[in-house]
Amino acid sequence: MDEPDWTSGIDQSQASVARVYDYLLGGAHNFSADRDVARTLEAIEPQARTIAAANRAFLARATRYLAAEAGVRQFIDIGSGIPTQGNVHEIVQRVDPEARVVYVDHDPVAVAHSTSILAENQHADVVQADVTDPGSILEHPTVQKMIDFEEPVGLLLVAVLHFVPDDRDPGAILAALTAPLSAGSHLVVSHGTHREHTGEAVRQVYRRAVAGGQATLRTADQIRDLFAGFDLLQPGLVHGPLWRPDSPADVPENPERFWFLAGLGRKQ
Ligand SMILES: C[S@@+](CC[C@H](N)C(=O)[O-])C[C@H]1O[C@@H](n2cnc3c(N)ncnc32)[C@H](O)[C@@H]1O
């Protein structure tokens with residue numbers, strides 16, 4: 001499929017969170033400023049690509065559980081990124097071709113690329129919005145059209161909330177986003193957590209060189225608090241590779257080196 005020019009109007013001198021992540025995942029929607037940042041990250045954290053892939057794999061396992069086992073048929077994926085492979089709509093529409101997905105990201109390249117790959121998918125769409133403004137997401141006409149708030153929703157906030165600083169009150173953002181969800185809805189979160197000195201060095205690179213890259217790493221207790229009103233399902237909040245691995249062989253020797261925590265909760 002021909003893709004529209006996703007580079008137009010983009011400041012290519014400024015790295016973005018979405019494009020750095022795209023590069024780490026082996027994608028092609030990034031510029032040299034993004035690759036420079038990614039290489040700096042890899043110099044600090046040689047496992048950066050493996051960690052990004054493990055986060056993406058957690059997203060896939062959690063989404064597959066929601067569609068195939070929990071019976072969820074509508075999803076809002078906030079901070080959805082630049083789709084590479086294993087996108088939420090691909091996973092859930094394999095279970096039910098009519099399962100609905102609304103992607104949300106504030107990054108214009110992520111939105112342009114999503115728009116392009118979803119052009120012929122009647123049950124998936126993308127919205128450009130900022131997670132720090134929950135009203136702009138919940139009241140967006142596309143969300144209103146595609147999501148039935150009387151039915152359970154899968155709300156995904158995967159590797160995005162660490163880009164919400166404390167002064168934007170992530171707890172209040174979660175409360176606003178989850179208030180309209182019916183009982184039996186699910187919340188999926190992965191979130192960067194502290195890891196000795198490496199975490200601080202990575203945080204500094206993002207803060208200095210990446211637009212909107214003011215990262216806040218949080219403790220397990222702080223991340224658990226984001227699940228207020230939800231029961232964390234087994235195995236609770238754990239390092240990403242430990243969340244229901246497909247096979248024991250997929251669990252690395254030191255999962256705590258994968259410095260993000262992941263969990264899935266069910267609304268009471
Ligand atoms: C590390 S990527 C994660 C992508 C995807 N959720 C995943 O886990 O594979 C983080 C994404 O969050 C988006 N993001 C960061 N801050 C955001 C904000 N304030 N509002 C909406 N999206 C945001 C970035 O543009 C990027 O696409």
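We count residues from 1, following the sequence as given. First listed ligand is number 1; within each ligand, the first listed atom is number 1.
At the shortest separation from atom 20 (N) of ligand 1 among protein heavy atoms lies V131 N, 2.9 Å. When only non-hydrogen protein atoms are considered, atom 24 (C) of ligand 1 lies nearest to D105 OD1, 3.6 Å. Here the heavy atom of the protein found nearest to atom 8 (O) of ligand 1 is N55 ND2, 2.8 Å. Ranking protein heavy atoms by distance to atom 11 (C) of ligand 1, first place goes to G79 O, 3.5 Å. Of the protein's non-hydrogen atoms, the one nearest atom 7 (C) of ligand 1 is Y21 OH, 3.3 Å. Protein heavy atom in closest approach to atom 10 (C) of ligand 1: A159 O, 3.3 Å.
At a heavy-atom distance under 4.0 Å, no atom of I78 approaches ligand 1. Counting heavy atoms closer than 4.0 Å to ligand 1, residue A18 contributes atoms from both its backbone and its side chain. With a 4.0 Å heavy-atom cut-off, ligand 1 is reached by the backbone of H106 and by its side chain too. Residue-level proximity to ligand 1 for S16 is absent, since no heavy atom of it falls below 4.0 angstrom.
In terms of polar-atom proximity, defined here as any N/O pair under 3.5 Å, L59 makes no such contact with ligand 1. Between F163 and ligand 1, no N or O atom pair is found at a separation short of 3.5 Å. Taking any N or O of D77, backbone or side chain, none lies under 3.5 Å from an N or O belonging to ligand 1. Considering backbone and side-chain N/O atoms, D130 comes within less than 3.5 Å of an N/O atom of ligand 1. Checking only distances, T132 never comes within under 3.5 Å of ligand 1, N or O to N or O.
A salt bridge between R39 and D36 is present, with a side-chain N of the basic residue lying under 4.0 Å from a carboxylate O of the acidic one. Electrostatic pairing of D166 and R218 counts as a salt bridge here, judged by a charged N lying under 4.0 Å from a carboxylate O. We find that R49 and E42 are joined by a salt bridge, their nearest charged nitrogen and carboxylate oxygen being less than 4.0 Å apart. Comment: D246 engages R64 in a salt bridge, judged by a side-chain N to carboxylate O separation of less than 4.0 angstrom.
Each of I117, V101, L118, L59 was compared with N87 under the side-chain contact (heavy atoms from CB on, under 4.5 Å) criterion, and only I117 meets it.
Side-chain contact check for P170 versus L226: some heavy-atom pair is nearer than 4.5 Å. At a threshold of 4.5 Å between non-hydrogen side-chain atoms, the residues L174 and F227 do not count as touching.
Taking every heavy atom of A129 and a limit of under 4.0 angstrom, the matching atoms of ligand 1 come to 20 (N), 21 (C). Those atoms of ligand 1 with a heavy atom of D107 less than 4.0 angstrom away are 25 (O).
Using a 4.0 Å cutoff on heavy atoms, S80 counts as a contact of ligand 1.
Classified by interplanar angle (parallel below 30°, tilted 30° to 60°, perpendicular above 60°), the ring pair W6/F31 is parallel. Aromatic ring pairs are classed by plane angle as parallel below 30°, tilted from 30° to 60° and perpendicular above 60°; the pair F58 and F260 is tilted.
Side-chain atoms of D107 come within 3.5 Å of backbone atoms of A110 as a donor-acceptor pair (strictly under, hydrogens ignored).
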Inset, instruction - Run the numbers on L242 and V251 for side-chain contact (heavy atoms from CB on, under 4.5 Å), then give the verdict. - result: CA-CA 6 Å; L242 294 175; V251 179; 3.6 Å; yes
